[in-house]
Amino acid sequence: MTLSLAGFDHVRLPGTDGVELAAAVGGSGSPVVLLHGFPQTHLMWRHIAERLAGEHTVICPDLRGYGASDKPAATGPEVYSKRAMAADVVALAAALGHERFALVGHDRGALVAFRAGLDHPDTLTHLGLLDVVPTLDMWDVLHGVSAAVGYHLFLMAQPPGLPETMIANSADAFFGSFLDAWAGERAAMPEPVRAAYLRACAAAVPSIVADYRASAGIDVTHDQADRDAGSQLAMPVTVVQQDWGARLGYDAAAVWQAWAPDLDHRLTRAGHFMAEEAPDEITGAIRDLLLR
């Protein structure tokens with residue numbers, strides 16, 4: 001089994017602050033950037049990217065701190081803020097000649113995409129977000145024993161040192177537990193793909209923890225500032241997610257509507273790794289988004 005995107009070029013391109021991102025680029029037509037989630041790499045888009053490449057230029061980077069992209073030391077909270085990671089994506093697209101593009105993100109990549117939509121409204125034509133709520137709202141909906149589903153958020157929010165040590169000492173067990181627990185269809189993630197994700201994560205423990213730590217600090221600050229200012233996403237937005245609202249007791253569509261007036265909110269029966277479990281469904285949702 002190949003562990004690259006068939007027919008795509010694999011390149012390194014500048015982000016911001018001297019960070020370089022690894023990316024797979026293929027196809028032709030209007031540009032679409034796809035951002036992966038945790039605990040994965042751009043490989044999670046292998047089915048969807050190949051479907052979209054017949055109609056679009058498809059760009060699949062590894063986020064700052066993940067996969068084959070640079071992993072700068074977290075010398076301050078801003079290094080792994082979603083603001084910095086979003087700026088990387090805008091710079092990467094510009095390096096390929098795309099001043100405007102559609103952006104779709106899953107999980108952590110969706111949080112980066114959300115921030116890009118707020119910070120760069122004139123750059124994004126369309127925004128797709130898979131299986132998240134915004135960081136500020138995420139902390140609001142996690143309460144009581146139901147918050148146990150997000151225990152990793154609290155672990156990696158702790159000060160530097162202990163989380164990195166604990167995770168590094170059991171990296172395969174830690175990251176593998178999410179690949180197993182969050183999958184709705186285990187066969188959608190073949191063993192070579194699973195092994196590739198585990199290798200990539202084990203090599204990136206400090207930067208992955210720094211990414212999550214930012215979501216308990218500076219990312220909340222940025223989201224709160226936008227909420228206080230009444231900022232909203234100006235482009236068409238599609239959200240596809242599991243029915244977390246029913247599980248955790250909140251109205252997921254209403255949460256998103258407050259941020260995205262032009263919203264198409266969809267629930268899926270696929271598991272968290274929906275791009276791999278239900279590629280036809282997710283490709284269809286992206287195509288519908290791009291027609292709006």
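We're numbering straight along the sequence, starting at 1. Keep in mind that the numbers below use all heavy atoms, side chains included, and drop hydrogens, waters and symmetry copies.
Taking the six-membered ring where tryptophan is involved, the planes of Tyr66 and His36 are perpendicular, since the angle between them exceeds 60° and thus also 30°.
No close placement of the Phe8 and Trp45 rings is indicated, their centers lying 6.0 Å or farther apart. Two rings, from Tyr212 and Tyr80, have their centers 6.0 Å or more apart. In this structure, the ring of Trp244 has its center no less than 6.0 angstrom from the ring center of Tyr250. Ring centers of Phe38 and Phe178: under 6.0 Å apart, within the cut-off. Under the 6.0 Å cut-off for aromatic ring centres, Trp182 and His152 qualify, their centroids lying closer than that.
Salt-bridge annotation for Asp226 and Arg115: present, with a side-chain N of the basic residue lying under 4.0 Å from a carboxylate O of the acidic one. We find that Arg12 and Asp70 are joined by a salt bridge, their nearest charged nitrogen and carboxylate oxygen being less than 4.0 Å apart.
Within 6.0 Å of CE in Met235 there are more than 12 heavy atoms belonging to other residues, nucleotides or ligands. Atom CZ of Arg269 has 12 or fewer heavy atoms from other residues, nucleotides or ligands within 6.0 Å.
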- [ ] Given salt bridge (Lys or Arg N to Asp or Glu O under 4.0 Å), test Glu164 with Arg213 step by step and report yes or no.
- [x] CA-CA 11 Å; Glu164 291 88 342; Arg213 186 175 288 121; 3.1 Å; yes

One pair to check against side-chain hydrogen bond (donor to acceptor under 3.5 Å, both in side chains): Asp131 and His106. What are the steps and the verdict?
CA-CA 6 Å; Asp131 220 29; His106 173 254; 5.2 Å; no

Item to check | Residue pair Thr238, Arg292: steps toward the side-chain hydrogen bond (donor to acceptor under 3.5 Å, both in side chains) verdict | outcome: CA-CA 10 Å; Thr238 292; Arg292 287 163 57 198; 2.8 Å; yes

Criterion side-chain hydrogen bond (donor to acceptor under 3.5 Å, both in side chains) on Thr268 and Glu281, from CA distance to verdict
CA-CA 9 Å; Thr268 180; Glu281 176 186 353; 2.9 Å; yes

Determine whether Thr16 and Asp88 satisfy the following criterion, side-chain hydrogen bond (donor to acceptor under 3.5 Å, both in side chains), listing intermediate values before the conclusion.
CA-CA 5 Å; Thr16 57; Asp88 282 343; 2.8 Å; yes

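Between the side chains of Asp62 and Ser69, no donor-acceptor pair of N or O atoms lies under 3.5 Å.
The heavy-atom pair separating Phe114 from Asp223 by the smallest distance is CE2-OD1, 3.7 Å. Residues Ala285 and Val240 approach most closely at CB-CG2, 4.0 Å, considering heavy atoms. Nearest heavy atom pair, residue Leu111 against residue Lys82, reads O-CB, 4.1 Å.
The main-chain N or O of Ala84 is found under 3.5 Å from a side-chain atom of Ser81 such that the two form a donor-acceptor pair. Side-chain N or O atoms of Thr283 include none that pairs as donor or acceptor with a backbone N or O of Asp280 at under 3.5 Å. Glu276 places no side-chain N or O within donor-acceptor distance of the main-chain N or O of Met44, the cut-off being under 3.5 Å.
Expressed to the nearest 0.5 Å, how far NE2 of His272 lies from CD of Glu277 amounts to 9.5 Å. Separation of atoms CZ (Arg227) and NE2 (His222) is listed at 15.5 Å; rounding is to 0.5 Å.
Both Leu179 and Tyr151 are members of a single hydrophobic cluster when ILVMFWY side chains are connected at heavy-atom separations under 4.5 Å.
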